[in-house]
Amino acid sequence: MKPGEKVTLRVWRGSPAGGAFREYQVEVAPGMVVLDALRAAQAAEAPDLAIRWNCKAGKCGSCSAEVNGHPVLMCMTRLEEIREPGPVTVTPLKTFPLIKDLVTDVSFNYQKAKEIPPFTPGPKDPDGKRRMYQEDVERIQEFRKCIECFLCQNVCHVIRDHPEHKPAFAGPRFFIYLANLEMHPWDTVDRTDLIKGQAGIGFCNITKCCTEVCPEKIRITDNAIIPLKERVVDQHYDPILWLWRRVTGRR
Amino acid sequence: MRTAYSVHDYDVIVIGAGGAGMRAAIEAAQQGARTAIICKSLLGKAHTVMAEGGAAAALGNVNPQDNWQVHFRDTMRGGKLLNNWRMAEIFAKEAPERILELEEWGAVFDRTKDGLISQRDFGGHRYARLAHVGDRTGLEIIRTLQYKLIHLNVDVFMEYTVTRLLTDGGRIAGAFGYRRDTGELQVFKAGAVVLATGGFGKVWKYTSMSWESTGDGIALALDAGADLLDVEMVQFHPTGMVWPPGARGILVTEGVRGDGGVLRNKDGRRFMFDYIPEFFKAETAETEAEADAWYTDKKNNRRPPELLPRDEVTRAIYAEVKAGRGSPHGGVFLDIASRRSADYIRKRLPSMYHQFLELAGVDITREPMEVYPTCHYSMGGIRVDAETQGATVPGLFAAGEVAAGLHGANRLGGNSLTDILVFGRRAGLYAAKHARELVHASDPLDDQIEEAARELLAPFAAAGGESPYAIQAELQEVMQEHVGIYRDEAGMRTALDKIQQLKRRARAVRAEGPREYNPGWHATRDLHSMLTVAEVVTLAALERKETRGGHSRTDYPAADPQWGKVNVVVRKVGGELQLDRVPIPEMPAELKALLEAT
């Protein structure tokens, strides 16, 4: 799509009761992203078109949707870079219940967040300060870059294809959150049982869909999920450790 | 027939869930108050996520000479002495404690070699003072507060909008609004309300702010009888993106300049040396050699002029472009590519790297950026008491960008992220105290609720056919042109006339479709806030006949010492706006001495 051309947006519109695609024509401006085009349509002819967005700079993670079937941030998807011919099809995230048009109910994620015991630091250094070294910081900072766009949750097939797993599965967003806590040099809580149990990390079979869609390029699978799985294995399935614990009575 | 609505009952409600709102809610809950927080968007999406550079606090981790006294001095000088000095004092003293507290709640800042919180250089701060995480400090802070908040006893109402504060006998009794997903009307009863609704940059065409920053808090407070202070003081951040058009206005962090980036015009000239004001001459480098030497030897060299306070840099960029020395898309060049290694740039400024590459196809490790000032911050806002953050209406509190006083005529970079922590906490603390000490809670009055409901639902029955977005766009054009970086009497008179016309048109704007998640309907409410803000800012800007900080007038190009002694107050009395000049209280001798220290 080139500036000056008209783009046809094919937007899913409706409510949980049902809906259909509607088409809107918008003139392409240089650098225009899908969100800009939708807002232009909203201003010109569809004021009640429901879209969720805030920062328009890829930092708040509000405008997640599926564009031509790809889960993306609409504010970071430039029309000039869409390679598929034909209209640009925009649909809501598939995994979460629909509210209206492109807006879904993502409260599942907020519920999961609450289930994780909070960061609990140990004592300060004797001089009353706290120290942490940049190399330790960088490991967990990768996870803390997460903008909570929930695209990883949206494409995780454990949630997407098996909603029945939702109560017993935290999803990739919360595996990186857990990895952040578990690898934090000051934290004192052991969440291994939670990771294995209530968070259900065993359901993940490492297809890396989450890593692929992450707009922050967080290596969710390699750097968070696999190390957490290893931690679960070490604590629960290592025969030598198991024997040691039986003998010494230590955890 | 009475309108149907749901009723919620709390001690404290906090409106707005950016940094200030969340910090206030955390404090109120920890004080034992039954607390709710209401936000227009999802939790964790507020404009605080966009803050990049860092949070200023005199921790002294990088420069041991730093302390609260120097931070106080820098803040007051940056604000051109229009600040509430008591707020600036409290702020500078409490800032380090608030930053360290975030670490206890899980925030992970970049470190010094000794393992302490790293601090970076920013404009107007004498020492490297900003605690930071690359260039995504705001995200770190909002996420930390969000996860602290969810483990406390605070009810979160996401995607709810408050359209009116309810009062009883002149004091706060609650708030009225609606929930977005269903369109249902809501009444919140509360002994105290904290407004933490952020800024109002959406009133200008080119802004770094999100759709939410429409100044709702300003309109709510004004309608409830509160005083507004110095609302003419609007900051245009020197560096916003210029191109492509869809990205115009998006912020380019001051960290680029703090880390060595320089500003050049189309001839390659590093023009900031031509714009060093008398007020900052003694502490600013005179030559490129001295400026460059400062990065490695801060003791024996003075700061580069690129790190002057934002208002100075903004005026300089404006002047260069106006003189025909701008870049191809009407900005100037911000160049870090030729000054730092690609590795360093990607490490210190990862989100800038990402933002330019994705949105503009520009690799900032190889090419300069094109930048131009963008509307960024509202220094003015609700008039509050320095200690308690109480507004002039009993039971109403305000914190963060919506409150006025701390930053005076111009905010230093990095002072906002600490402002929200220091005064967010204080607002929550005193709101809880106020609610606890109420002898009997007020009941929101039925007629107020009925009126608020009528007003909110009116667009569905309006006769006109106009889209609210069209009026929004016209308002943004008018404000950009006439009440933007530079202002004058004739332009502002034109703006006021236009605002009156737009107000008339806005009354007939129609909402289409059902109430459920209807952005067009919501935009009719945004219009009310935006038009209110536009009117009070323009009136206050007409009143202040001088140039100071964020307020630059071509017809009064110099700072006037007489105007430096007063704050401009706007309030609504009997439905009419009134302007007042309020003298700034005399500063105690010991604080004055700090200002004069070099």
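Below, chain A is the first sequence line, B the second, and so on; all start at residue 1.
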Heavy-atom distances under 4.5 Å only: say whether [X] touches chain B with side chain, backbone, both or neither.
X      : value
A/W53  : both
A/P185 : neither
A/M132 : both
A/R144 : both
A/N54  : both
A/K100 : side chain
A/E138 : side chain
A/I147 : both
A/I51  : backbone

Give, as side chain, backbone, both or neither, the part of [X] having an atom under 4.5 angstrom from any heavy atom of chain A.
X      : answer
B/K113 : backbone
B/E212 : side chain
B/W211 : both
B/L359 : both
B/I250 : side chain
B/M158 : side chain
B/A360 : backbone
B/W105 : backbone
B/E159 : side chain
B/L43  : both

Considering all heavy atoms of both residues, which atom of A/V103 and which atom of A/L98 are nearest to each other, and what is their separation?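 Looking at all heavy atoms of both residues, the shortest contact is O-CD1, 3.7 Å.
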Taking all heavy atoms of A/P215 and all of A/L151, pick out the closest pair and write down the distance.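 Distance-wise, the nearest heavy atoms are CD-CD1, 4.2 Å.
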Top of [options] for chain A proximity - count of heavy-atom pairs under 4.5 angstrom:
options                        : value
B/G520, B/G106, B/S118, B/A473 : B/G106
B/E512, B/M50, B/E103, B/E104  : B/E104
B/A511, B/S351, B/P245, B/S467 : B/P245
B/D110, B/N518, B/L116         : B/D110
B/I150, B/V133, B/I117         : B/I150
B/D181, B/L100, B/L139         : B/L139

Q. Side chains of B/T137 and B/H132: donor-acceptor distance under 3.5 Å anywhere?
A.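 No, no side-chain donor-acceptor pair sits under 3.5 Å.
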- If we ignore angles and hydrogens, is there a donor and acceptor under 3.5 Å between the side chains of B/E516 and B/T182?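 No, no side-chain donor-acceptor contact under 3.5 Å.
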Does B/Q355 form a side-chain hydrogen bond (donor to acceptor under 3.5 Å, both in side chains) with A/K59? I'd like the steps, not just the answer.
CA-CA 9 Å; B/Q355 177 176 313; A/K59 295 193 176 80; 2.5 Å; yes
Indicate yes or no: at least one non-hydrogen side-chain atom of [X] is less than 4.5 angstrom from one of [Y].
X     : Y      : result
A/T95 : A/Q153 : no
A/L79 : A/V34  : yes
A/E66 : A/N154 : yes

When you measure from the centre of the six-membered ring of A/Y110, is the NZ or CZ of B/K45 under 6.0 Å away and within 45° of the axis?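 The answer is no, since B/K45 fails at least one limit relative to A/Y110.
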Do A/E135 and A/R139 meet the salt-bridge criterion of a basic N to acidic O distance under 4.0 Å?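 No, no charged N to carboxylate O under 4.0 Å.
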Practice item. Report the C-alpha separation of B/S210 and B/K40 in whole Å, then their side-chain angles, then the decisive distance to 0.1 Å, and conclude whether the side-chain hydrogen bond (donor to acceptor under 3.5 Å, both in side chains) test is met. Key: CA-CA 12 Å; B/S210 80; B/K40 285 207 289 191; over 6 Å; no
Heavy-atom donor-acceptor pair, [X] side chain to [Y] backbone, under 3.5 Å:
X      : Y      : result
A/R130 : A/P121 : no
B/R248 : B/T374 : no
A/R173 : A/F150 : no
A/E142 : A/I220 : no

Which class fits the ring pair A/F169 and A/F175: parallel under 30°, tilted 30 to 60°, perpendicular over 60°?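 Because their plane-to-plane angle is over 60°, the rings of A/F169 and A/F175 count as perpendicular.
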I'd like to verify something: which residue of [options] has the highest number of heavy-atom pairs under 4.5 Å with chain B?
options                        : result
A/Q42, A/K56, A/R78            : A/R78
A/K145, A/K124, A/K129, A/H184 : A/K145
A/P118, A/S107, A/G31, A/C146  : A/P118
A/K114, A/R39, A/E81           : A/K114

A/N109/A/E148 under side-chain hydrogen bond (donor to acceptor under 3.5 Å, both in side chains): CA gap, chis, key distance, verdict | CA-CA 9 Å; A/N109 302 291; A/E148 299 204 329; over 6 Å; no
